[in-house]
Amino acid sequence: MVKAKPSYEECRLKRVEENKKRMEALNLPMLCQALRKKPSIEPSHEKQVKPRTVKKQEDVVLRRSIRVANKPPPVYNGVILVRVEIPRRISSKRDLSNRVYASDEARARAVEKAEKLEARLGPEHPTFIKSMLQSHVTGGFWLGLPGYFCRRNLPKRDEAITLIDEDGDEYPTVYLPRKTGLSGGWKAFAVAHGLVDGDALVFQLIRNTAFKVYIIRVNGSDQMKNLLNSKSQISEPVQSI
């Protein structure tokens, strides 16, 4: 005869009785009662912090050099401290609203005249043509030169290069071979000659560190008109250094 399985409730009650016996064996009920009791609050023995008292600093004899040991100590009460204010540099923005830009046609005509002038100069000295931009004559005043011309004809290190205009006036500039251009001094040349956007300049290397510069104006007032009509050769050959 097959015994019937105990019901869920009988199994649960049996498991509860087993758990109670285990808890009594571990003395867990007594521990729970001990934890429920409120612990007696004892006064805390905190360390009392005494206020810090600053001792008065006594006069201490400073160590002095042997050379001034016998001399009285210096007195600085009568010294007046003067605050020196360094003036701040105030950078004023350039007014670039009055810039005048040359048209493509006017620029092309100036370059065409410069090419005719370059042909008249002859092959005795290296030449190149540079059409002026706003960065050359108003903004940064930096003049980049053709790379091929610099590598072939100009010094390999920083050097002072002189610009000579049609009147023979000289303007020293700083040539930077790493950037293949003229930096310091170029602004003075551009401002002195009133260069504007679109002007075409012919640079003729008459010495290793000197350029003869011819200016073709973009506005039509060609300064080289008389030279073009009068001579087939504008400058005499100059021996290179």
Side-chain angles (χ1 to χ4, degrees), residues 87 89-96 99-100 102 107 110-111 113-219 221-228 231 233-241:
R89 181 180 179 183
I90 301 175
S91 59
S92 59
K93 295 183 178 180
R94 296 189 183 96
D95 184 12
L96 304 180
R99 279 183 169 182
V100 178
R107 186 185 301 274
V111 172
K113 293 179 182 180
E115 291 174 349
K116 293 180 180 179
L117 173 59
E118 185 182 24
R120 294 291 188 94
L121 291 176
E124 289 83 3
H125 303 286
T127 58
F128 69 88
I129 298 173
K130 189 70 177 178
S131 180
M132 294 293 99
L133 302 175
Q134 292 292 351
S135 60
H136 300 151
V137 296
T138 56
F141 288 100
W142 162 263
L143 182 66
L145 305 181
Y148 71 91
F149 188 94
C150 297
R151 290 188 294 269
R152 186 181 304 171
N153 302 290
L154 297 182
K156 305 301 181 184
R157 61 181 181 181
D158 295 358
E159 192 72 48
I161 290 184
T162 304
L163 303 182
I164 307 172
D165 61 10
E166 295 96 334
D167 298 329
D169 296 331
E170 298 183 355
Y171 295 83
T173 62
V174 177
Y175 169 66
L176 304 177
R178 290 176 296 178
K179 297 183 178 181
T180 62
L182 300 180
S183 178
W186 165 250
K187 179 180 179 179
F189 182 89
V191 173
H193 294 82
L195 299 180
V196 297
D197 180 57
D199 287 348
L201 273 60
V202 180
F203 289 82
Q204 183 185 32
L205 186 66
I206 60 175
R207 295 194 299 271
N208 286 350
T209 58
F211 279 110
K212 184 75 173 181
V213 183
Y214 302 95
I215 302 173
I216 307 298
R217 300 293 181 180
V218 69
N219 55 11
S221 60
D222 188 356
Q223 295 181 353
M224 303 306 300
K225 184 183 297 183
N226 296 330
L227 293 175
L228 286 173
K231 294 183 180 180
Q233 294 289 336
I234 292 182
S235 62
E236 295 296 330
V238 180
Q239 298 294 331
S240 301
I241 297 175

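Throughout, numbering of the chain's residues begins at 1 and tracks the sequence.
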* Please, which pairs that meet salt bridge (Lys or Arg N to Asp or Glu O under 4.0 Å) have at least one residue in residues 141-154, sequence neighbours excluded? -> none
* **Qualifying salt bridge (Lys or Arg N to Asp or Glu O under 4.0 Å) pairs, either residue in residues 131-143, two or more places apart** => none
Check for a donor-acceptor pair, side chain of [X] on one end and backbone N or O of [Y] on the other, with a separation under 3.5 Å.
X    : Y    : result
K113 : V218 : no
R107 : A200 : no
Q204 : Y214 : no

* T173: what forms a side chain to side chain donor-acceptor pair (under 3.5 Å) with it, not counting sequence neighbours? -> none
* Structure fact -> salt bridge (Lys or Arg N to Asp or Glu O under 4.0 Å) filter on D165, not counting sequence neighbours, yields none
* Structure fact -> The side chain to side chain contact (heavy atoms under 4.5 Å, CB included) partners of P177 (sequence neighbours excluded) come to D158, Y175
* Asked: Quick one: side chain to side chain contact (heavy atoms under 4.5 Å, CB included) partners of S183, sequence neighbours excluded?
  -> W142, L176
* Does the pair L143 and F189 meet the rule for a side chain to side chain contact (heavy atoms under 4.5 Å, CB included), with working shown? -> CA-CA 11 Å; L143 182 66; F189 182 89; over 6 Å; no
With rounding to the nearest 0.5 Å, note down the distance linking [atom1] in [X] to [atom2] in [Y].
X    : Y    : atom1 : atom2 : result
L145 : W186 : CG    : CH2   : 9.0 Å
I164 : E170 : CD1   : CD    : 4.5 Å
L205 : I161 : CG    : CD1   : 7.5 Å
T162 : Y171 : OG1   : OH    : 12.5 Å

* To do: List the atom of G198, the atom of A102, and the distance in Å for their closest heavy-atom pair.
  => CA-CB, 3.8 Å
* Apply the test side chain to side chain contact (heavy atoms under 4.5 Å, CB included) to residues N219 and V196: give CA-CA distance (whole Å), side-chain angles for both, the deciding distance (0.1 Å), then the verdict. => CA-CA 9 Å; N219 55 11; V196 297; 5.9 Å; no
Flag the pair [X] / [Y] as yes when at least one side-chain heavy-atom distance between them is below 4.5 Å, and no otherwise.
X    : Y    : value
H136 : K130 : yes
I216 : I129 : no
R217 : L195 : yes
D197 : T138 : no

* **L163/H193 under side chain to side chain contact (heavy atoms under 4.5 Å, CB included): CA gap, chis, key distance, verdict** => CA-CA 12 Å; L163 303 182; H193 294 82; over 6 Å; no
* Aromatic rings F203 and F128: how do their planes relate, parallel, tilted or perpendicular, breaks at 30° and 60°? -> parallel
* To do: Answer yes if the side chains of T209 and E159 hold a donor-acceptor pair under 3.5 Å, and no otherwise.
  => no
* To do: Check the pair L201, M132 against side chain to side chain contact (heavy atoms under 4.5 Å, CB included), reporting the backbone distance first and the verdict last.
  => CA-CA 8 Å; L201 273 60; M132 294 293 99; 3.9 Å; yes
